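In this text the structure is predicted, and so the values were computed from the model without any measurement.
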Amino acid sequence: MGKTAYKKLKGSQSLRQRLILSTLASSPLLIEDIRAEDTWPGLRPHEVSLLRLLEKVCDDCVVEINETGTKLRYKPGIVMGGKNIVHDCGVSRSIGYFLEPLILVALFGKKPLSIRLKGITNDSKDPSVDTFRSTTLPMLKRFGVPSEGLELKIESRGALPHGGGEVILTVPTVEKLMAVNWLDEGMVKRIRGVTFSARVSSQFENTMIHAARGIFNRLLPDVHIFTDHKAGPQAGKSPGYGISLVAETTSGCFISVDTAVSYAQGEVGEIEDEEKKELTPPESVGEQIASFLLEEIEQGGVVDSTHQGLLFLLCALSEPDVSKIRVGKLSAYGIETLRSIRDFLSVIFDIKPDPSTGTVILRGMGCGYKNLSRKVS
């Protein structure tokens, strides 16, 4: 075999993309100085969990972490896919953190993937599973991913701090991704959404909906927000409530935002009752999230700021043809992704601001990534 040539990188930033790209480009990784200066050095529980998840869906993948967790060696294997896989995502980040890398890797697997993920379904940091269902999956279809066999089923809800949610994700395999010419963002024609409440009164949902609609109804008539109240074992282990909104445009773009309210890690039980942190009341949650959605729409672009990274990755992995996309203001996450794409796939996007709308147009050639492990019938 000889010695493996590792790609040497430093720091803990954009670990997800580095792992995705390393797996797809099958270039082994060596990351040093992972939070070496912190009081708690090394990899966080959710990052280790992500590595374990990649081990489950790949064959012959080698992960080595040193004792303090500040150094990581990752030798990617072959993405296998498969069914009846179960993974516990832990409670340090929500399931949304794991879905994006998982779906990208699974598309280029040998067999279609079907996996049950356990953990937190909704929090205020990562995109919730509802947003994933309403926005991310339709976005993949633009790149030629077949819609049959692509779904996310929410079995039970889980909020911070104890989680207890479960979702089932199925992803088909593709041979290659199509290049897109996606510049027209269109006008917003309808707003859809879903609220959830677990282990709290279902009235909270109506309050959130009422507050959000109060803002939207002045602007457009077609607003439907559905409720999803869970009770019993389907409600998970912690009380929480939240809302996910999606604006659909005339050209078929989806712009989404979401949030959730629950007690953070270690708050419940440790503090005396009178000093408990005040949670945001449902009315303010509804108003805030409606305003956030309007801000995202105002920024322009064919996707919202949380989906920029995924959009760039899909364009970079597409067939060797020019992709053109329009995004709003480049998010920090999007910029990190562009850097990682340059390092691993040597795909460089041509970035031009469009001053008339305040958006940015990116042009790039896909690297022509092909799924070689898939059985061709």
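- Between Arg44 and Asp38, at least one side-chain nitrogen of the basic residue sits less than 4.0 Å from a carboxylate oxygen of the acidic one, meeting the salt-bridge criterion.
- By the criterion of side-chain heavy atoms lying less than 4.5 angstrom apart, applied directly or through intervening Ile, Leu, Val, Met, Phe, Trp or Tyr residues, Leu51 is not grouped with Val86; the two fall into different hydrophobic clusters.
- Under the 4.5 Å side-chain heavy-atom criterion for Ile, Leu, Val, Met, Phe, Trp and Tyr, Leu310 and Leu183 are members of distinct hydrophobic clusters.
- A distance-only check finds a donor-acceptor pair linking the side chain of Gln308 to the backbone of Lys329 [under 3.5 Å].
- For the pair Arg93 and Asp126, the salt-bridge criterion is met [side-chain N within less than 4.0 Å of a carboxylate O].
- Here the OG atom belonging to Ser318 is positioned 9.5 Å from the CE atom belonging to Met365, to the nearest 0.5 angstrom.
- Gln13 has its side chain out of reach of Arg339: every pair of non-hydrogen atoms, C-beta onward, lies at least 4.5 Å apart.
- Ring-plane geometry between Phe312 and Phe349 is classed as tilted, the angle between the planes lying from 30 to 60 degrees on a 0 to 90 degree scale.
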Intermediate values then yes/no, side-chain contact (heavy atoms from CB on, under 4.5 Å), Leu311 and Val327: CA-CA 10 Å; Leu311 179 67; Val327 293; 3.9 Å; yes

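- Side chains of Thr136 and His307: a donor-acceptor N/O pair is present below 3.5 angstrom, by distance only.
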Go through Lys324 and Asp350 one step at a time and tell me if the salt bridge (charged side-chain N to carboxylate O under 4.0 Å, His left out) criterion holds. CA-CA 9 Å; Lys324 275 190 189 168; Asp350 172 43; over 6 Å; no

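- For Asn371 (side chain) and Val174 (main-chain N/O), a donor-acceptor pair under 3.5 Å exists by modelled atom type.
- The CD1 atom of Ile168 lies 4.0 Å from the CZ atom of Arg116; values are rounded to the nearest 0.5 Å.
- A side-chain donor-acceptor contact under 3.5 Å links Asn122 and Asp130.
- The closest side-chain heavy-atom distance from Val302 to Met139 is not below 4.5 Å.
- Phe143 and Leu107 fall within a single hydrophobic cluster, where Ile, Leu, Val, Met, Phe, Trp and Tyr are joined by side-chain heavy atoms under 4.5 Å apart, directly or via other members.
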Would Glu175 and Lys370 satisfy salt bridge (charged side-chain N to carboxylate O under 4.0 Å, His left out), going step by step from the backbone distance to the final call? CA-CA 6 Å; Glu175 204 179 326; Lys370 275 197 170 57; over 6 Å; no

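- Salt-bridge annotation for Lys7 and Asp343: absent, with no side-chain N of the basic residue lying under 4.0 Å from a carboxylate O of the acidic one.
- Between the NZ atom of Lys352 and the OG1 atom of Thr359 there is a distance of 13.5 Å, given to the nearest 0.5 Å.
- The side-chain heavy atoms of Leu50 and Pro101, taken from C-beta on, include a pair separated by under 4.5 Å.
- Taking the side chain as every heavy atom from C-beta outward, Arg192 and Arg190 approach each other to under 4.5 Å.
- Taken together through direct or relayed side-chain contacts under 4.5 Å among Ile, Leu, Val, Met, Phe, Trp and Tyr, Leu313 and Met178 form parts of separate hydrophobic clusters.
- The minimum heavy-atom distance between Cys61 and Gly77, with the atom names listed, is CB-N, 3.7 Å.
- The line from CZ of Phe98 to CG of Leu54 is 10.0 Å long, rounded to the nearest 0.5 Å.
- Within the 4.5 Å cutoff, the side chain of Thr70 has no heavy atoms near those of the Arg35 side chain.
- Counting non-hydrogen atoms of neighbouring residues, nucleotides and ligands closer than 6.0 angstrom, the NZ atom of Lys83 reaches no more than 12 such neighbours.
- No donor-acceptor pair closer than 3.5 Å links the side chain of Ser262 to the backbone N or O of Ala159.
- Counting heavy atoms from C-beta on, the side chains of Lys75 and Thr4 come closer than 4.5 Å.
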Derivation of the side-chain contact (heavy atoms from CB on, under 4.5 Å) call for Cys315 and Val180: CA-CA 7 Å; Cys315 285; Val180 291; 4.1 Å; yes

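- Between the side chains of Ser331 and Ser305, no donor N or O sits under 3.5 Å from an acceptor N or O.
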Working note: Val79 + Phe108, criterion side-chain contact (heavy atoms from CB on, under 4.5 Å); need CA distance, chi angles, decisive distance, verdict. CA-CA 7 Å; Val79 186; Phe108 297 102; 5.7 Å; no

Walk me through whether Ile191 and His224 qualify under side-chain contact (heavy atoms from CB on, under 4.5 Å). CA-CA 6 Å; Ile191 289 177; His224 277 272; over 6 Å; no

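- Applying the side chain to side chain contact (heavy atoms under 4.5 Å, CB included) test between Ile95 and each of Thr121, Leu102, Ile120 identifies Thr121 as the sole match.
- For the residue pair Lys56 and His87, a side-chain donor N or O sits within less than 3.5 Å of a side-chain acceptor on the partner.
- For the 3.5 Å distance criterion, the side chains of Thr131 and Ser244 qualify, holding a donor opposite an acceptor.
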Determine whether Lys8 and Glu32 satisfy the following criterion, salt bridge (charged side-chain N to carboxylate O under 4.0 Å, His left out), listing intermediate values before the conclusion. CA-CA 8 Å; Lys8 288 199 171 111; Glu32 292 173 321; over 6 Å; no

What verdict does the salt bridge (charged side-chain N to carboxylate O under 4.0 Å, His left out) test give for Asp59 and Lys110, after you've listed the backbone C-alpha separation in whole Å, the side-chain angles of each residue and the deciding distance to 0.1 Å? CA-CA 10 Å; Asp59 203 3; Lys110 190 167 181 177; over 6 Å; no

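- Tyr263 places none of its side-chain heavy atoms less than 4.5 Å from the side chain of Ser238.
- The structure places OG1 of Thr173 at 10.5 Å from CG of Leu113, a figure rounded to the nearest 0.5 Å.
- A 4.5 Å side-chain heavy-atom check between Leu293 and Ile289 finds every atom pair outside the cut-off.
- Heavy-atom neighbours of Glu283 CD from other residues, nucleotides or ligands within 6.0 Å: at or below the threshold of 12.
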Before giving the answer on side chain to side chain donor-acceptor pair (under 3.5 Å), spell out for Glu166 and Ser156 the whole-Å C-alpha distance, their side-chain angles and the decisive distance to 0.1 Å. CA-CA 5 Å; Glu166 279 192 26; Ser156 61; 5.3 Å; no

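- With hydrophobic clusters built from ILVMFWY side chains whose heavy atoms lie under 4.5 angstrom apart, Tyr97 shares a cluster with Ile31.
- Environment of CD1 in Ile335: crowded, with over 12 heavy atoms of neighbouring residues, nucleotides or ligands closer than 6.0 Å.
- Paired with Ile225 under the rule side chain to side chain contact (heavy atoms under 4.5 Å, CB included), one option of Ile209, Val246, Val194 passes, and it is Ile209.
- A side chain to side chain contact (heavy atoms under 4.5 Å, CB included) with Leu9 is found for exactly one of Ile34, Leu30, Leu29, namely Leu29.
- Atom CE of residue Met187 and atom SG of residue Cys253 lie 12.5 Å apart, to the nearest 0.5 angstrom.
- Under 3.5 Å, the side chains of Gln17 and Ser340 contain no donor-acceptor pair of N or O atoms.
- Remark: the Thr306 side chain and the Tyr333 side chain contain no N/O donor-acceptor pair separated by less than 3.5 Å.
- Separation of the His229 and Phe196 ring centroids does not fall under the 6.0 Å cut-off.
- Look at Lys230 and Glu155 and you find no salt bridge, because none of the NZ, NE, NH1 or NH2 atoms lies under 4.0 Å from a carboxylate O.
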Report the C-alpha separation of Asp354 and Thr357 in whole Å, then their side-chain angles, then the decisive distance to 0.1 Å, and conclude whether the side chain to side chain donor-acceptor pair (under 3.5 Å) test is met. CA-CA 6 Å; Asp354 178 4; Thr357 53; 3.3 Å; yes

